[in-house]
Peer 1: 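Just passing along the structure, written as structure tokens.
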Amino acid sequence: MSESNQDFVRQIITADCAAGKHDGRVHTRFPPEPNGYLHIGHAKSICLNFGIAQEFGGKCNLRFDDTNPEKEDVEYVECIKEDVRWLGFDWEDRLFFASDYFQQLFDWAVKLVEKGKAYVDSQSVEEIRKGRGMGGSPGVESPYRDRSSDENLDLLMRMKAGEFEEGSHVLRAKIDMAAENLLLRDPVLYRIRKVAHHRTGEAWCIYPTYDWAHGQSDSIENITHSVCTLEFVNHRPLYDWCLEELEVFHPQQIEFARLNINHMVMSKRKLLQMVEAGHVSGWDDPRMPTLIGMRRRGFTPAAIRKFCEHIGVAKFNGVHEMSLLEFVLREDLNKCSERRMAVVDPIKVTLSNYPEGKSEDLEAINNPGDESAGKRMVPFSRQLYIERADFMEDPPKKYFRLAPGREVRLRYAYFITCQEVIKDDAGEVVEIICSYDPATRGGDAPDGRKVKGTIHWVSAAHAVTAEVREYDHLFNDPNPDSGEDGKTFLDHINPDSLRTRRDCQLEPSLENATPGQPYQFERLGYFCVDSADSAPGRLVFNRTVGLRDSWAKKQKK
Ligand code: ATP
Ligand code: MG
């Protein structure tokens, strides 16, 4: 990347390297809190942090920010590791947990107390909140603010030893109760929480706050650039204050805009709500913006990385279009997906002049854009399935597919002409009788005659049956979180975001499809096997994305 094309974060780092700051060393970290699954917003942060390390010949750590014992879970830790690896990044031997630093963080708290820069406050949570005040007017100093160092030290030790109830004392930094920035009005550094931690067990009953843990963890790991999202701008003065008071290695915090995508919500808390209320089947529901959900849906890591690169890194929050993500995805899938034929809404076609009991293998191209993908053989016989939408009894002018008396091409096979339509008692078409022209094998007429329509098909005798799931946006409203009209995001759920089609008929080679392998079903879109619900004897496919932006079309109507 040339310097002028760099985003502002990379510009800062380039300048730091040029100035010899940290001896030109670049070391970043990705610090997830293990309280939920990663979503595509996190992917942006992962790509940024690991990407910077790669580009600048530096390193990037994976650090679990596990300072909050109540909400965290080992299950999340493992899944987050898998997601980061799946995206294509490697923390090598640098997997860390903020909880590994609990002792050091405590020792540093003792140092602050000894310096007279922290004190034990024995007010209630409510009193502390009130005393902090609001912007525009100064807060009120705690009556405990001027405790002696010795008294503070004694109380802190006893807090740690478990002598006090939750909520009876906290440790606060002694900064400035009149500060304009509320976070500097003697922020809380430690709370009493008598709960076990998923890694440290019962060892601690006081836990550090984010503000006390984060910067110091960065410092311990010798992080040079601590890249985080904009909501931490107000925290930066506190981040700096702590490191300066402790006189330890001082990383630089840099904030960038969170990724938001329309028709979606992105916070773990809200995603959890969706799961708990049963609006989706789980964190890995293919409609979710979680990386496990997207992986199951058939997104490729390359497409997600490309998207993150494409949207860039900004200083102001904005909302990106879902259609852009889908565009990038299609581009990637187009390159790496083999073509297959599949009929999702089948209607039977019988070729009256094709010998009964005969079948033949016809050659089909796996990827017209990639010769190395080769060819495959597709079985053909007297009875076929085509898409119900590819036949119309009474077609409008511009309809070029099958209709009574009309000739069309079956892709890679023959020209067929519709001779007769069979209906059930309700008048619905149940079968179409066609003739085929044996001279058009492979899909071209030797006499040079042309047809306007080419449709896909599968041989009924050879087809495998599958369930196909098609997805639409989870939220109808492009901005479900706006809170307009007093509505919450849950009020904007799209009731039709999942459409399940049973008895879809696929060409037989798809029987052995495996999850993670993308396919283009000709004329329909990109699909993959569902990793959760497919099982021997039960084939389930997800539509990853359509061939075109159907949502944009819908909006225009
Ligand atoms: P959420 O609001 O979804 O719960 P979070 O910020 O609480 O997210 P963390 O686990 O604390 O989640 O985030 C880990 C890292 O990922 C942080 O550095 C955070 O800034 C970054 N991150 C989280 N969400 C986004 C997003 N939408 N865009 C970019 N970065 C994000
Ligand atoms: Mg968080």
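These numbers come from a predicted model, not from an experiment. Position 1 is the first residue of the sequence; numbering continues from there. Just follow the structure's listing: the first ligand is 1, and inside any ligand the first atom is 1.
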Peer 1: With sequence neighbours left out, write down each residue that passes salt bridge (charged side-chain N to carboxylate O under 4.0 Å, His left out) with Glu166, or none if nothing qualifies.
Peer 2: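 Not a single residue meets the salt bridge (charged side-chain N to carboxylate O under 4.0 Å, His left out) criterion with Glu166.
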Peer 1: Compute the ring centroids of Phe521 and Phe541, then answer whether they are less than 6.0 Å apart.
Peer 2: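 Yes, ring centres under 6.0 Å apart.
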Peer 1: Compute the centroid of each ring, for Phe307 and then for Phe327, and state whether the two points are separated by less than 6.0 Å.
Peer 2: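 Centroid distance Phe307-Phe327: not below 6.0 Å, so no.
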Peer 1: With nothing but distance in play, are any N or O atoms of Glu33 less than 3.5 Å from an N or O of ligand 1?
Peer 2: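 Checking ligand 1 against Glu33, an N or O pair does fall under 3.5 Å apart.
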Peer 1: Would you say Leu259 and ligand 1 have an N/O pair spaced under 3.5 Å apart?
Peer 2: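 Yes; the residue has a nitrogen or oxygen that sits under 3.5 Å from a nitrogen or oxygen of the ligand.
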Peer 1: For ligand 1, is any non-hydrogen atom under 4.0 Å from Phe232's backbone (N, CA, C, O), its side chain (CB onward), both, or neither?
Peer 2: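 Contact part for Phe232 vs ligand 1: neither.
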Peer 1: How about His225 and Asp16: does a side-chain donor come under 3.5 Å of a side-chain acceptor?
Peer 2: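 Indeed, the side chains of His225 and Asp16 share at least one donor-acceptor pair under 3.5 Å.
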Peer 1: Sequence neighbours left out, what passes ring pair (Phe, Tyr, Trp, His ring centres under 6.0 Å) with Phe249? Give chain and number order.
Peer 2: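 Once residues adjacent in sequence are excluded, the partners of Phe249 under the ring pair (Phe, Tyr, Trp, His ring centres under 6.0 Å) criterion are His22.
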Peer 1: Which ligand 1 atoms does Thr229 reach within 4.0 Å, using its non-hydrogen atoms?
Peer 2: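 What qualifies from ligand 1 is 19 (C), 20 (O), 29 (C), 30 (N), 31 (C).
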Peer 1: Using distance alone, decide if ligand 1 has a nitrogen or oxygen within less than 3.5 Å of any nitrogen or oxygen in Arg258.
Peer 2: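 It does: an N or O of Arg258 is found under 3.5 Å from an N or O of ligand 1.
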Peer 1: Between Ser124 and Glu126, is any side-chain donor less than 3.5 angstrom from a side-chain acceptor?
Peer 2: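 No, Glu126 and Ser124 have no side-chain donor paired with an acceptor closer than 3.5 Å.
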Peer 1: Any nitrogen or oxygen of His42, side chain or backbone, less than 3.5 Å from one on ligand 1?
Peer 2: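 Yes; the residue has a nitrogen or oxygen that sits under 3.5 Å from a nitrogen or oxygen of the ligand.
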Peer 1: Counting heavy atoms only, which of Met266, Lys268, His39 is nearest atom 7 (O) of ligand 1?
Peer 2: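 That would be Lys268.
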Peer 1: Give the numbers and elements of all ligand 1 atoms closer than 4.0 Å to a heavy atom of Pro31.
Peer 2: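 Those atoms are 14 (C), 18 (O).
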Peer 1: Give a yes-or-no answer on whether the side chains of Asp530 and Asn542 include a donor-acceptor pair shorter than 3.5 Å.
Peer 2: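 Asp530 vs Asn542: donor-acceptor pair found between side chains.
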Peer 1: Numbering the atoms of ligand 1 from 1, which are under 4.0 Å from a heavy atom of Ser267?
Peer 2: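 Result: 2 (O), 3 (O).
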